[in-house]
Every structure is written in C-alpha cells, then in structure tokens.
Amino acid sequence: QEIAPRVALDRAEIISLDEIVTTPFARFSNVLVTEETSPLSPGLVEKKFYAPDVGLIKDGPVVLVSAGFSIP
C-alpha cells in the first residue's frame, strides 16, 4: 500500500480467505477479500476480491468479464 504522509496512507486488511464470488466470466471459490482504507479519507472503505491463480476479479463496480493468456 502507499505511504506518503499527507498524500497517501493506504491500508489493506484481509477480511476473508474463503469467499465464493461469481462474475460474468466464472464462479470462483477460496477468494481473498480485502478492505482498503486511508486515514486521509475517513469512512471510505473499498473491498477488493482476488481469486487463486487469477488475481483481482472484483474492485468496486469493476468485475472480471474475460481472461486469457498471452504468449511472449
């Protein structure tokens, strides 16, 4: 998380390791859920959802709708 006094003091806390989340792309289990806060924005809480072997699948209104692989 960001640490820059008076500019960014973000903090993340793990609140779950075993959620089930469905997106238009797929249904995921064992999802990691975090809550992000900052003392610079009291009362604002952002939840983010991370699926194993995939990464970020949901961040507020943004959700994973497709995925693929690229070959370098």
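All values below come from the heavy atoms of this structure, side chains included, with hydrogens, waters and symmetry mates left out.
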Between [atom1] on residue [X] and [atom2] on residue [Y], distance to nearest 0.5 Å:
X	Y	atom1	atom2	value
Ile15	Phe49	CD1	CZ	7.0 Å
Leu44	Ser38	CG	OG	8.5 Å
Leu17	Asn30	CG	CG	9.0 Å
Lys47	Glu19	NZ	CD	7.5 Å

Determine yes or no for a side-chain-to-main-chain donor-acceptor pair under 3.5 angstrom, with Thr23 supplying the side chain and Ala26 the backbone.
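Here the side-chain-to-backbone pair exists.
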Heavy-atom closest contact ([X] atom, [Y] atom, distance):
X	Y	result
Pro39	Leu9	CD-O, 3.3 Å
Ser29	Pro52	O-CD, 3.6 Å
Phe28	Ala51	CD2-CB, 3.6 Å
Leu64	Pro24	O-CD, 3.6 Å

Please answer: with hydrophobic residues joined when any side-chain heavy atoms are less than 4.5 Å apart, are Val33 and Val45 in the same cluster?
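No, Val33 does not connect to Val45 through the hydrophobic network.
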Would you say Leu56 ends up clustered with Leu32 if hydrophobic residues are merged whenever their side chains have heavy atoms under 4.5 Å apart, either directly or through other cluster members?
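Yes, it is one cluster - the side chains of Leu32 and Leu56 are joined through contacts under 4.5 Å.
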Quick test of your reading of the model: are Glu36 and Lys48 salt-bridged, counting only N-O distances below 4.0 Å?
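Counted as a salt bridge, because a side-chain N and a carboxylate O are separated by less than 4.0 Å.
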